[in-house]
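Worksheet: one structure, shown below.
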Amino acid sequence: MTNLFGLFLSTFRRNERDVVNLYNTFSRLMQITAEGNMLNFGYWHDRTQNPLQAQYSLSNMMGDFASLHMASTLIDIGSGYSSPALQWNSRYKLLEIVCININFEQLKIAISISSKSSTIQKMNQSIISNPINNLRISNMFHLNATSTVLPIKSNSVDRVIAFESAQHFKPLNQFIKESNRVLKDKGLLVIAMPVITNSSNMISLPLFVKLGILSITWASEHYELEYIKSSVESNRFKIKDIKFIGSNVYQPLARYYIKNREKLKERICREYSQFLETILYKSLLKMNDASKRGIIDYILLKAEKI
Ligand SMILES: C[S@@+](CC[C@H](N)C(=O)[O-])C[C@H]1O[C@@H](n2cnc3c(N)ncnc32)[C@H](O)[C@@H]1O
């Protein structure tokens, strides 16, 4: 059973160990809700029927947005169970994909999922700076490392992707600096993440109080859009595009949960307490409200190394 005290402590303290613990607790919850191995909110079109379809849409969108048809080397930082990387690998002719994750348990599962569709070989020459003790699964590598110290050679990759993970990176500025170091000239940094767009219309209280219960399911740093843009631009990047897709992310997901709550609750309560499901539900309602009021959004940001 989940240790709720530990959970609340992790939510507010949020060091790297806490982030690992939170995912060890919540990844399964996300898998139950979406019935798959992607760990993102997803993008809902008119005809999207469930969270898994939405997650694959968002992952596809990331591939297009990052122009992966023109890339050969890619690092995916905060790669979860490597499901997005597997999808990009099947869609594009990428020579090398490095999945980097701070969570070793997720990496082990990712390797077993990936190896079902490919053969494992010992690693040889690659963009990884220290190739000892890493396994290569066809053209995919899995590395246990943090976003702020990338074990990747300088000027070696075409794309750095952080797919719904940069909200955990601390300090964000150090991750962006590292991204600049590892990218080739004109290489692209592509980020998908939840952001705070407008906290000025809220009374002056600490942000976690303003977000209330949303802080539980959005257990990460709450970076403001302007801060992210200035960090990117001050680290020798030119922003090429920003898409705001929050209304296709939060509100349809909340609607889906409300409509299917009984079925989902039954599945969740087989592995988690009813109290936790109630927190999740209330947090989704808060997320819906914050999105409608324009307090939170979800961005896709693309920047070129200059
Ligand atoms: C919301 S999940 C997204 C996973 C994946 N991108 C997907 O869409 O399925 C965030 C991921 O970031 C990873 N993560 C969090 N902090 C990290 C850090 N500092 N360095 C590397 N990975 C990190 C977590 O372990 C988790 O796998």
Side-chain angles (χ1 to χ4, degrees), residues 10-11 13-43 51-63 65-66 68 74-89 97-111 113-114 140-152 159-179 182 189-195 216-223 245 249-250 253 287 298-300:
S10 299
T11 303
R13 196 174 48 195
R14 294 195 299 264
N15 61 34
E16 288 192 342
R17 172 101 324 255
D18 293 321
V19 172
V20 170
N21 288 338
L22 278 167
Y23 275 96
N24 287 344
T25 306
F26 280 129
S27 300
R28 181 75 198 120
L29 183 62
M30 293 162 96
Q31 287 175 304
I32 295 171
T33 313
E35 296 182 271
N37 290 318
M38 287 215 188
L39 300 176
N40 55 70
F41 279 115
Y43 181 94
L52 191 63
Q53 280 180 7
Q55 289 173 322
Y56 275 88
S57 291
L58 185 54
S59 179
N60 261 325
M61 213 170 177
M62 280 295 275
F65 190 67
L68 291 188
L74 145 69
I75 55 175
D76 178 19
I77 307 175
S79 48
Y81 296 119
S82 301
S83 282
L86 274 170
Q87 194 197 15
W88 300 326
N89 203 24
I97 301 180
V98 181
C99 296
I100 295 182
N101 196 339
I102 199 172
N103 189 312
F104 188 59
E105 292 307 311
Q106 284 186 351
L107 275 176
K108 283 198 289 189
I109 296 170
I111 288 172
I113 294 170
S114 318
M140 281 175 70
F141 297 89
H142 292 83
L143 289 184
N144 189 207
T146 181
S147 56
T148 47
V149 190
L150 297 175
I152 301 289
R159 302 287 182 270
V160 171
I161 294 189
F163 184 7
E164 211 174 296
S165 46
Q167 71 276 15
H168 298 298
F169 300 166
K170 257 199 324 194
L172 184 69
N173 197 53
Q174 179 58 27
F175 154 69
I176 294 170
K177 202 169 165 186
E178 272 292 83
S179 300
V182 302
L189 166 65
V190 179
I191 297 175
M193 71 187 281
V195 292
I216 308 289
T217 44
W218 189 3
S220 60
E221 300 315 300
H222 302 114
Y223 290 124
I245 60 167
V249 172
Y250 306 113
L253 176 63
M287 181 181 82
Y298 192 105
I299 57 161
L300 303 188

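Because the structure is a prediction, the values reported are computed rather than measured. In each ligand, atom 1 is the first atom listed, and ligand 1 is the first ligand listed.
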Give the residue and atom name of whichever protein heavy atom lies nearest to [atom], and the separation in Å to one decimal.
| atom | value |
| --- | --- |
| atom 16 (N) of ligand 1 | His168 CB, 3.5 Å |
| atom 10 (C) of ligand 1 | Tyr23 OH, 3.3 Å |
| atom 27 (O) of ligand 1 | Gln106 OE1, 2.6 Å |
| atom 14 (N) of ligand 1 | Ile102 CG2, 3.8 Å |
| atom 18 (C) of ligand 1 | Phe169 CE2, 3.6 Å |
| atom 9 (O) of ligand 1 | Leu39 N, 2.8 Å |

Looking only at heavy atoms, is any part of [X] under 4.0 Å from ligand 1, and if so is it the side chain, the backbone, or both, or is it neither?
| X | value |
| --- | --- |
| Ser147 | both |
| Ser59 | neither |
| Gln55 | neither |

> Of the listed options (Leu150, Val149, Thr146), which comes nearest to atom 19 (N) of ligand 1 when hydrogens are ignored and any heavy atom counts?
Replying inline: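 Going through Leu150, Val149, Thr146 one by one, Thr146 has the nearest heavy atom to atom 19 (N) of ligand 1.
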> Atoms of ligand 1 less than 4.0 Å from Glu16 heavy atoms?
Replying inline: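 Atoms satisfying the 4.0 Å criterion: 19 (N).
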>> Out of all atoms in ligand 1, which are within 4.0 Å of some heavy atom of Asn103? Include the element for each.
In response: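 So the answer, numbered in order with elements, is 25 (O).
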Are [X] and [Y] side-chain neighbours, meaning at least one heavy-atom pair lies under 4.5 Å?
| X | Y | value |
| --- | --- | --- |
| Leu189 | Phe175 | yes |
| Ile100 | Ser147 | no |
| Leu52 | Gln55 | yes |

Looking only at distances, can you tell me whether any N or O atom of [X], backbone or side chain, sits closer than 3.5 Å to an N or O atom of ligand 1?
| X | result |
| --- | --- |
| Asn37 | no |
| Asn101 | yes |
| Gly78 | yes |
| Met30 | no |
| Asn40 | yes |
| Gly80 | yes |
| Ser79 | no |
| Glu164 | no |

Nearest heavy-atom neighbours spanning [X] and [Y]:
| X | Y | value |
| --- | --- | --- |
| Tyr81 | Asn37 | CD1-O, 3.4 Å |
| Gln167 | Tyr223 | O-CE1, 4.1 Å |
| Ile161 | Ala66 | CD1-CB, 4.1 Å |
| Asn103 | Val20 | ND2-O, 3.4 Å |

> What's the verdict on side chain to side chain donor-acceptor pair (under 3.5 Å) for Tyr298 and Glu164, showing C-alpha distance, side-chain angles and the deciding distance?
Replying inline: CA-CA 9 Å; Tyr298 192 105; Glu164 211 174 296; 2.6 Å; yes
> With sequence neighbours excluded, what pairs up with Ala54 under the side-chain contact (heavy atoms from CB on, under 4.5 Å) test?
Replying inline: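 If we apply the side-chain contact (heavy atoms from CB on, under 4.5 Å) test to Ala54, skipping adjacent residues, the hits are Trp44, Thr48.
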> Has the side chain of Thr148 got a donor or acceptor atom that lies under 3.5 Å from a matching backbone atom of Gln174?
Replying inline: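 No, Thr148 side chain to Gln174 backbone: no donor-acceptor pair under 3.5 Å.
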